[in-house]
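Reviewing the structure listed below.
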Amino acid sequence: MMTASELRAVQNHRERWGNETSVAFAPARVNLIGEHTDYTGGLVMPMAIGFRTLALLTPRSDNKAVFYSANFEQEAELDLNAIPLESHGEWYDYPAGVAWVLQQDGVALKGFNMTLSGDVPLGAGLSSSASIQVATLLALAGYLGLELPLERVATVCRRAENEYVGAKTGIMDQFVVAGGVENRAMMIDCRAMTYDLLPLPESIRVVICNSMVKHQLAGGEYGDRRDEVETGQAVIAQRRPGVELLRDATLADLEACADQMSEASLKRCRHIITENARVLAARQVLLAGDVVAFGNLMKQAHVSFRDDFGASCDEVDTLVEIANAIDGCLGARITGGGFGGCTVNLVEAGRAEEFVTAVKAGYKAATGIDADCFVCAPSDGALALAKKSLGAE
Ligand code: GLA
């Protein structure tokens with residue numbers, strides 16, 4: 001079922017450019033646990049959620065790509081003969097980056113007009129950028145007749161983000177946005193690029209609360225953290241043969257190298273090593289149906305993110321504290337890249353609505369800010385959505 005704004009985007013696209021020949025939907029994601037572990041080969045546990053981006057494509061006869069953002073009501077044009085590696089800090093960097101990577105990979109592009117329309121909150125830590133990239137790629141795949149397995153979709157979109165947009169992110173967002181499955185959380189092993197689908201018990205709901213503090217991955221802070229992590233990782237790799245990635249390091253390895261790295265690197269690496277262990281524990285307790293233990297791991301993950309990783313902010317900490325004090329909330333933590341954005345909260349199913357009312361009131365009283373809150377369920381990723389819509393034709 002299309003939303004009213006999607007239907008408007010379709011109508012507008014047809015009036016502007018004629019009927020579409022290729023369509024794709026890509027969701028957003030929320031990460032339950034496993035933060036900043038992905039780019040050191042670690043473990044994450046996100047799920048795709050109901051917000052999504054729609055991409056509609058109609059061929060053109062010349063060798064240009066024209067993108068129209070229904071959200072910004074802006075158009076951007078790209079010469080496909082040789083796409084320059086040049087980002088502008090604008091919304092169209094995301095679709096242009098995807099076209100650029102395909103061209104780098106030797107795919108022969110042909111002219112097209114594309115409309116993008118989405119309801120993913122921007123800068124909220126819910127992966128609006130991966131959602132746009134994956135929707136763009138799948139609409140292009142339909143047009144160009146490309147067969148793209150999950151790993152390739154995730155890799156192309158991650159390269160668009162890393163190399164074209166210039167945000168040094170890991171693979172988590174693109175992977176789950178493309179590969180998510182309805183009613184399942186997805187534990188991803190970011191080194192092996194394999195995953196495990198985990199059902200969420202009926203007794204709980206996942207509630208997202210937006211602190212309304214915007215974060216930006218291409219801004220400096222995410223990259224600074226990553227540099228601190230990689231410097232620490234390099235020290236361990238040098239001193240502990242066989243340990244190339246933090247994924248393989250233990251706290252004992254870290255301790256043994258502590259005198260060789262900055263205090264910041266030590267703390268960032270400690271967060272990552274303990275976070276990988278928490279993700280594994282979260283998988284175990286989830287399979288055992290122990291939602292209280294899962295909530296406790298989320299609480300611990302927030303403390304580690306705040307104190308060791310140093311990537312939370314006052315508003316988000318306040319939002320987490322308020323949530324953790326509400327009856328029926330099993331655990332709350334920041335989600336995504338950090339420095340603002342959203343919290344993810346595990347809440348007893350019967351109390352989700354009262355939780356939303358209480359957390360909004362508490363946050364407003366403490367900060368004067370109105371938080372947007374969403375009760376969500378794990379949704380299909382873009383590849384499953386594409387398969388289902390083919391089946392429906
Ligand atoms: C952003 C990045 C991801 C990941 C998270 C933190 O969402 O895109 O690759 O690093 O931050 O877990």
Side-chain angles (χ1 to χ4, degrees), residues 26-49 51 93-94 97 120-134 153-180 185-191 193 195 208 210 213-230 233 245-247 268-269 271-276 278-279 282 298 301-302 304-306 308-313 316 333-344:
R29 69 99 186 89
V30 66
N31 190 16
L32 294 173
I33 193 159
E35 223 64 87
H36 280 266
T37 49
D38 57 351
Y39 49 82
T40 49
L43 302 167
V44 293
M45 196 189 288
M47 64 189 218
I49 55 175
F51 298 110
D93 289 346
Y94 299 101
V120 186
L122 303 180
L126 301 179
S127 284
S128 52
S129 53
S131 179
I132 296 172
Q133 289 159 342
V134 173
V153 175
T155 309
V156 167
C157 294
R158 181 194 178 178
R159 284 186 56 203
E161 183 85 46
N162 292 172
E163 296 170 36
Y164 190 93
V165 176
K168 294 158 71 186
T169 63
I171 195 87
M172 164 171 73
D173 303 346
Q174 295 82 3
F175 200 96
V176 68
V177 163
M186 192 178 209
M187 189 183 92
I188 308 169
D189 178 328
C190 298
R191 175 173 54 192
M193 297 268 243
Y195 60 91
I208 296 173
N210 190 346
V213 178
K214 289 223 171 183
H215 85 150
Q216 244 194 354
L217 294 182
E221 289 162 318
Y222 182 96
D224 292 348
R225 286 294 170 278
R226 185 164 173 165
D227 291 343
E228 290 163 351
V229 167
E230 285 176 344
Q233 180 172 255
L245 294 168
L246 277 181
R247 166 70 184 281
R268 310 312 175 225
C269 293
H271 163 75
I272 292 175
I273 294 170
T274 57
E275 186 81 344
N276 279 323
R278 277 186 292 271
V279 177
M298 290 173 67
H302 184 76
S304 173
F305 193 93
R306 183 191 66 198
D308 275 349
F309 208 70
S312 188
C313 66
V316 170
R333 56 174 288 273
I334 190 170
T335 187
F339 308 102
C342 290
T343 62
V344 57

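This one's a predicted model, so the numbers in the text were calculated from it and none came from an experiment. When a ligand or atom number is given, it counts from 1 through the structure's own listing order.
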- line: Interatomic distance, OG@Ser128 vs CZ@Phe51, rounded to 0.5 Å, equals 11.0 Å
query: With respect to atom 8 (O) of ligand 1, which of Asp173, Thr335, Ile33, Ile272 exhibits the smallest heavy-atom separation?
result: Asp173
query: So is Asn31 polar-close to ligand 1, meaning N/O to N/O under 3.5 Å?
result: no
- prompt: With a cut-off of 4.0 Å, which atoms of ligand 1 are near a heavy atom of Asp38?
  reply: 3 (C), 4 (C), 9 (O), 10 (O)
- request: Measure the spacing between OG of Ser304 and CD1 of Ile272 and express it to the nearest 0.5 Å.
  value: 9.0 Å
- request: With sequence neighbours left out, write down each residue that passes salt bridge (charged side-chain N to carboxylate O under 4.0 Å, His left out) with Glu228, or none if nothing qualifies.
  value: Arg225, Arg268
query: So is there a nitrogen or oxygen of His36 less than 3.5 Å from a nitrogen or oxygen in ligand 1?
result: yes
message: Which of the numbered atoms in ligand 1 are under 4.0 angstrom from any heavy atom belonging to Met172?
response: 4 (C), 5 (C), 12 (O)
- request: On the 0 to 90° scale, with breaks at 30° and 60°, tag the Tyr222-His36 ring pair as parallel, tilted or perpendicular.
  value: tilted
- request: For Gly336, counting its heavy atoms only, list the atoms of ligand 1 lying under 4.0 Å from any of them.
  value: 6 (C), 11 (O)
task: Please answer whether the main-chain N or O of Leu246 pairs with a side-chain N or O of Gln233 as donor and acceptor at a distance below 3.5 Å.
output: yes
query: Is Arg29 in polar range of ligand 1, meaning some N or O pair under 3.5 Å apart?
result: yes
task: Mind checking whether Arg225 contacts ligand 1 via backbone (N, CA, C, O), side chain (CB onward), both or neither, at a 4.0 Å heavy-atom cut-off?
output: neither
message: With respect to Tyr222, determine whether any N or O atom, backbone or side chain, lies less than 3.5 Å from an N or O atom of ligand 1.
response: yes
- request: Quick one: list whatever passes salt bridge (charged side-chain N to carboxylate O under 4.0 Å, His left out) with Arg278, sequence neighbours left out.
  value: Glu275
message: Distance under 4.0 Å to a non-hydrogen atom of Gly170: what atoms of ligand 1 satisfy this?
response: 9 (O)
task: Output the distance between atom CG (Asp93) and atom CD (Glu161), rounded to the nearest 0.5 Å.
output: 10.0 Å
